[in-house]
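Beneath this line is the structure, given in structure tokens, with notes to follow.
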There are 2 protein chains.
Amino acid sequence: MPARRAVNYACPIRDVLDRIGDAWSLLVLIELRNGPCRFNALRRVIDGISQRMLSVTLRHLERDGLVTRTVLPLAPPQVEYALTPMGQSLIETVEPMRLWAEINQNAVRESRAAFDAKLAQMA
Amino acid sequence: MPARRAVNYACPIRDVLDRIGDAWSLLVLIELRNGPCRFNALRRVIDGISQRMLSVTLRHLERDGLVTRTVLPLAPPQVEYALTPMGQSLIETVEPMRLWAEINQNAVRESRAAFDAKLAQMA
DNA sequence: CAGCATCCTTCCGGATACTG
DNA sequence: CAGTATCCGGAAGGATGCTG
């Protein structure tokens with residue numbers, strides 16, 4: 001999507017949404033708020049995530065400097081993921097949105113139902 | 001992706017991200033902050049959006065009660081889109097994230113560059 | 001344990017053509 | 001003007017199998 005990219009790059013907030021807008025990144029960040037966590041532990045607690053997507057997601061987050069990845073010199077090897085200060089601060093900015101979602105989720109649901117009902121009625 | 005949905009439904013904030021996380025919704029909402037706007041006017045000002053995606057995006061936003069769609073009884077027909085109070089309030093919750101993006105965009109860029117450099121070096 | 005590589009399906013979204 | 005309908009290519013992502 002070449003056209004979209006042009007827009008993205010012009011808008012810094014798109015960078016953020018491209019990261020936490022995907023299905024899993026935010027869930028991973030939120031989970032890491034409870035403290036450092038290992039790969040398979042994350043996988044167990046984030047219900048429904050595939051190994052591949054957890055891997056990809058963590059790599060993205062690490063690349064962006066939102067989480068750290070530390071390999072513990074053990075056998076069997078252990079890898080611990082943790083929030084960086086930047087990752088921590090990002091999560092906090094999402095809080096207003098989370099509040100909005102809680103407050104308005106019923107209104108949104110009702111709006112959708114009304115919209116769908118009107119559509120069905122026309123058909 | 002059945003597993004993912006299970007997670008979505010459990011987390012209200014995922015509903016929000018599913019709406020404004022896509023490429024265009026947020027841009028449309030932001031544009032409408034300047035006041036009501038017509039279809040092709042939006043299309044012109046939102047660089048790179050296709051007619052199809054603008055149509056789809058507006059429909060979603062309308063369904064969720066974030067924008068209104070009013071048909072003016074004219075010839076040729078005119079349709080005006082405008083923010084609802086709920087849409088307005090949603091945009092405002094994004095402001096902290098936008099600020100974060102501005103403040104941290106350099107740090108993120110540097111982190112990415114460092115990450116990529118380290119990868120290239122290993123190969 | 002913590003992943004990467006591959007295959008294969010699904011689905012998003014652009015291009016195009018047509019309507020009220 | 002403001003869309004809808006159809007087609008189609010490319011990317012996202014699940015499943016599976018294999019490594020250090």
Side-chain angles (χ1 to χ4, degrees), chain A residues 1-8 14 17-25 27-28 31-32 36-63 67-82 119 122-123, chain B residues 1-8 14 17-28 31-32 36-63 67-82 115 119 122-123:
Chain A
M1 53 213 80
R4 176 190 158 184
R5 298 208 169 276
V7 179
N8 282 348
R14 287 243 59 89
L17 286 178
D18 280 350
R19 177 83 321 92
I20 67 166
D22 73 275
W24 302 114
S25 295
L27 291 175
V28 170
E31 192 49 42
L32 287 179
C37 197
R38 286 169 39 200
F39 189 87
N40 279 335
L42 280 173
R43 201 181 160 194
R44 272 188 297 275
V45 75
I46 300 177
D47 191 57
I49 195 168
S50 69
Q51 188 187 40
R52 185 180 180 280
M53 285 321 291
L54 179 55
S55 180
V56 169
T57 300
L58 284 170
R59 180 165 286 253
H60 280 160
L61 294 175
E62 184 196 359
R63 188 171 104 100
V67 308
T68 57
R69 175 181 184 276
T70 57
V71 182
L72 306 179
L74 300 173
Q78 295 188 1
V79 180
E80 224 176 45
Y81 292 90
L119 263 194
M122 293 176 61
Chain B
M1 55 216 82
R4 178 191 155 185
R5 299 210 167 274
V7 178
N8 282 347
R14 288 243 58 90
L17 286 178
D18 279 349
R19 179 78 21 261
I20 68 167
D22 73 275
W24 302 115
S25 294
L26 190 61
L27 291 176
V28 170
E31 191 49 43
L32 287 178
C37 197
R38 284 166 45 196
F39 187 87
N40 279 334
L42 279 173
R43 204 182 156 192
R44 271 188 298 273
V45 76
I46 300 177
D47 191 57
I49 195 169
S50 68
Q51 189 183 39
R52 185 181 179 278
M53 285 319 292
L54 180 55
S55 180
V56 169
T57 300
L58 284 170
R59 180 168 285 254
H60 280 160
L61 294 175
E62 184 195 0
R63 188 170 104 101
V67 308
T68 57
R69 175 181 184 275
T70 56
V71 182
L72 308 179
L74 299 173
Q78 296 188 1
V79 180
E80 223 175 45
Y81 292 91
F115 187 90
L119 263 194
M122 293 176 63

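In this text, all values refer to a predicted model and were calculated from it rather than measured experimentally. Only heavy atoms go into these numbers, but all of them, side chains included; no hydrogens, no water, no symmetry mates. Chain identifiers are assigned alphabetically (A, B, ...) following the order of the sequence lines, protein sequences preceding nucleic acid strands; residue numbering begins at 1 within each chain.
When all heavy atoms of A/Leu32 and A/Cys37 are compared, the pair lying nearest together is CD2-CB, 3.8 Å.
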Which donor-acceptor pairs under 3.5 Å do side chains of residues 49-59 of chain A form with protein atoms, sequence neighbours excluded?
unit_1	atom_1	unit_2	atom_2	d
A/Ser50	OG	A/Met53	N	3.2
A/Thr57	OG1	A/Met53	O	2.6

Show me the side-chain donor-acceptor pairs of residues 39-46 of chain B shorter than 3.5 Å, one per line, residues at least two apart or across chains.
none

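A heavy atom lying under 4.0 Å from DNA chain C marks the following residues of residues 71-81 of chain B, by number: B/Pro77.
Regarding A/Arg43, its CZ atom lies at a distance of 11 Å from the C1' atom of D/dA15, rounded to whole Å. Rounded to an integer number of Å, the gap from CG of B/Leu119 to P of C/dG3 is 14 Å. The distance between atom CG of A/Asp22 and atom C1' of D/dA12, rounded to the nearest whole Å, is 11 Å. A/Met53 has its CE atom 13 Å from the P atom of C/dC4, to the nearest Å. Separating the CD atom of B/Glu62 from the P atom of D/dT4 is a distance of 10 Å, rounded to the nearest angstrom. Atom CG in A/Leu42 sits about 13 Å away from atom C1' in C/dC1, given to the nearest Å. If you measure from atom CZ of B/Arg44 to atom P of D/dG3, you get 13 Å, rounded to the nearest angstrom. In this entry the distance linking CG of A/Leu54 with P of D/dG13 reads 13 Å, nearest Å.
Remark: A/Ser55 is not in phosphate contact with C/dG3, judged by side-chain N or O atoms under 4.0 Å from OP1 or OP2. In this structure, A/Arg38 reaches the C/dA2 phosphate: one of its side-chain N or O atoms is under 4.0 Å from OP1 or OP2.
No side-chain heavy atom of B/Leu72 sits under 4.5 Å from any side-chain heavy atom of B/Pro77.
Scanning for side-chain hydrogen bond (donor to acceptor under 3.5 Å, both in side chains) contacts around A/Arg69 gives A/Tyr81, with sequence neighbours left out. For A/Glu80, the side-chain hydrogen bond (donor to acceptor under 3.5 Å, both in side chains) criterion is met by no residue, not counting sequence neighbours. Listed by chain and number, the residues in a side-chain hydrogen bond (donor to acceptor under 3.5 Å, both in side chains) with A/Gln78 are A/Arg38 (sequence neighbours excluded).
Taking only distance into account, the side chain of B/Gln51 never meets the base of D/dC1 through a donor-acceptor pair shorter than 3.5 Å.
Where A/Leu58 and A/Arg52 each meet DNA chain C at their nearest nucleotide, the meeting point lying more 5' is that of A/Leu58.
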